[in-house]
Amino acid sequence: MESPSPLRLSVLSARISDTLRAAFQNLSFWVVADVTSHSFKASSNYHYFELVEKDRESNHLLAKFSAKAWGPGARQIEQFEQTTGQRFTNNIHVLVNVTVEYHATYGLQLQVNAIDPGFTMGQIEQQRLATLRRLVAENPSFIQQAGDTYITRNNRLGLKPVLQTLAVISARNSAGLQDFRHSLEDNAFGYTFRIDEYLTGVQGEANATSIRDTLAAIFLSGIAYDAVIITRGGGSQTDLLMFDHYLVGQAIAKFPIPIITGIGHHRNTSIADLMAHSPTRTPTKAAEFIVAHNRAFEESLLSLRQIIVIRAQQLFAGQQQALTSLQREISYSSQQVLDAHKEAVQALRSQTVHHAQRIVYAQHVAVAGLAAQVSARLQGAVARHGQSLEHLASTARVAATTYMRNQQRHLQHLTTFMKLMSPASTLQRGFALVRHQGRLTGDTSAIQPGDRLEILLKDDILKTTVTDKIPHDGANNDL
């Protein structure tokens with residue numbers, strides 16, 4: 001049996017090319033695929049990559065084509081990156097328009113003509129929404145949804161009035177970390193901070209576990225951190241996919257120390273932002289947030305100090321006026337009391353002296369009358385009873401002297417009694433006087449609950465209000 005005539009490889013390649021050209025000429029197709037093995041030559045603006053499809057269950061490769069984009073296709077990729085904020089790179093899911101080409105040297109290839117940015121963004125958003133639903137469904141004890149807001153254990157925590165001891169999660173040699181430190185340490189108010197760096201990978205979904213483990217290390221450190229800051233210097237949407245990862249969102253939502261995010265994105269809000277206590281856009285914004293928080297506390301203290309100073313001055317002024325008024329009132333009242341008692345004492349003294357003089361005069365008149373009577377009656381017997389008369393006269397003189405002495409003692413007793421009964425002496429002995437409606441009184445019948453009284457003591461006047469009136473039978477007065 002004769003072998004068929006062999007074909008040169010180029011002839012077979014030409015036949016394949018003609019067949020494919022005839023089948024696919026002027027045709028284009030929208031296909032869904034994943035990008036792998038991507039490379040880009042900036043000098044020629046060429047993209048080389050592979051479009052692949054994997055089985056969703058087993059992850060086995062179902063199809064793979066070499067692909068390229070240049071000219072209009074490369075410009076479409078540039079627009080895609082500008083629209084989505086996502087670099088065209090490996091492991092992104094895309095919807096692209098392609099034409100089929102065959103080259104004798106490079107084989108079968110797909111030429112990318114256009115790319116739909118909405119499809120890729122939609123895929124990422126669908127995955128993000130699915131993750132949020134899973135977080136709410138599987139962690140009801142510390143994640144709840146209220147409309148578009150997510151209530152987590154972390155964002156329910158209260159921030160301390162001053163944030164000073166900080167733990168920062170960032171990549172090593174990260175520009176975002178340096179921006180954060182610079183903005184925080186060079187603040188305009190001279191605040192000082194303790195910043196402990198916890199360095200780990202913050203890019204790529206594979207590092208989600210690293211973020212969770214780093215948070216655990218911060219908690220187990222035993223250091224009383226005021227807040228934890230997660231920083232990253234920005235990047236494409238796929239670079240930030242780690243912050244939409246289930247494990248990262250779960251760890252942040254449950255963490256018992258307030259978390260501030262500053263992961264360098266300007267378009268979308270990540271799941272990490274939704275779960276954290278205080279999301280900010282960039283590391284610099286995170287630092288500014290902390291400084292502003294501390295400044296707000298300082299301003300509240302300054303305002304409170306000003307209020308205290310003003311109110312203290314007002315209080316002192318009011319009390320000074322009250323004291324001045326009370327001093328004048330006490331001085332005037334005391335002078336009135338003293339004048340009244342002085343007049344009473346003088347009147348009593350005058351009355352006592354006058355009364356004593358009348359008694360002495362009356363006794364003197366009586367003695368004189370008696371002496372005259374005795375002298376008249378005994379005139380005839382004077383000679384006979386001279387000795388007896390002299391004795392009687394002596395007796396009379398002694399009686400008169402004794403009587404005068406007794407009257408003087410009685411007068412002194414009255415004077416002493418009047419002094420003891422004076423209001424000043426009463427106050428000196430520890431008793432008190434009661435003044436009602438401007439008058440001294442001992443009559444309680446006119447005093448009713450609610451009346452204002454002044455209680456005069458030795459050194460003070462007490463102003464009081466009657467709260468109750470209880471009858472007293474005079475018992476139990478043992479002082």
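Both backbone and side-chain heavy atoms feed into the values below; hydrogens, waters and symmetry mates do not. Model, not experiment: these values are computed from the prediction.
- Nearest heavy atom pair, residue S183 against residue T284, reads OG-CG2, 3.4 Å.
- Under 3.5 Å, the side chains of R194 and T165 contain no donor-acceptor pair of N or O atoms.
- Listed here is the closest heavy atom pair of A33 and L51: CB-CB, 3.9 Å.
- Between V112 and N97, every side-chain heavy-atom pair lies at or beyond the 4.5 Å cut-off.
- For the 3.5 Å distance criterion, the side chains of E101 and Y106 fail to qualify, holding no donor opposite an acceptor.
- For the residue pair Y48 and S66, no side-chain donor N or O sits within less than 3.5 Å of a side-chain acceptor on the partner.
- Residues E50 and K68 are not paired through a salt bridge, judged by the lack of any N-O separation under 4.0 Å between the basic side chain and the carboxylate.
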Report task. Begin from the C-alpha positions of E454 and R439 and carry the test salt bridge (Lys or Arg N to Asp or Glu O under 4.0 Å) through to its verdict. Result -> CA-CA 9 Å; E454 292 180 349; R439 297 181 178 180; over 6 Å; no
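- Residues D196 and L166 fail the side-chain proximity criterion, which asks for heavy atoms closer than 4.5 Å.
- Screening R153, R134, Q250 against N139 for a side chain to side chain donor-acceptor pair (under 3.5 Å) leaves a single residue, Q250.
- In the model, R156 has a side-chain atom that pairs as donor or acceptor with a side-chain atom of Q144 under 3.5 Å.
- Counting only N and O atoms by type, the side chains of D213 and S210 include no donor and acceptor under 3.5 Å apart.
- Nearest heavy-atom pair across H38 and N90 is N-OD1, 2.8 Å.
- The pair E197-R172 does not count as a salt bridge, with every side-chain nitrogen at least 4.0 angstrom from each carboxylate oxygen.
- Between D339 and K342 there is no salt bridge, since none of the side-chain N atoms of the basic residue sits less than 4.0 Å from a carboxylate O of the acidic one.
- Counted within 6.0 Å of CZ on F189, heavy atoms from surrounding residues, nucleotides or ligands total more than 12; the atom is thus considered enclosed.
- When all heavy atoms are compared, the tightest approach of A253 to M275 is CB-SD, 3.8 Å.
- Ionic pairing of R75 and E78 is not present here: no N-O contact between side-chain nitrogen and carboxylate oxygen is shorter than 4.0 angstrom.
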Requested in this report: Might you work through the ring-ring contact (aromatic ring centres under 6.0 Å, His included) test for F88 and F49, ending with a clear yes or no?
Outcome: CA-CA 10 Å; F88 187 86; F49 50 94; 5.2 Å; yes
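- Residues F193 and I290 form a side-chain contact, since some pair of their non-hydrogen atoms from C-beta on lies under 4.5 Å apart.
- Side-chain contact of E298 with N294: a donor-acceptor pair under 3.5 Å is absent, judged by distance alone.
- Atom CD1 of I77 and atom NE2 of H47 lie 4.0 Å apart (nearest 0.5 Å).
- Between F24 and Y102 the shortest side-chain heavy-atom distance does not fall below 4.5 Å.
- Between R8 and L12, every side-chain heavy-atom pair lies at or beyond the 4.5 Å cut-off.
- Side-chain atoms of N155 and H277 form no donor-acceptor pair, as typed in the model, at a separation below 3.5 Å.
- Between the side chains of S28 and T99, no donor-acceptor pair is found at a separation under 3.5 Å.
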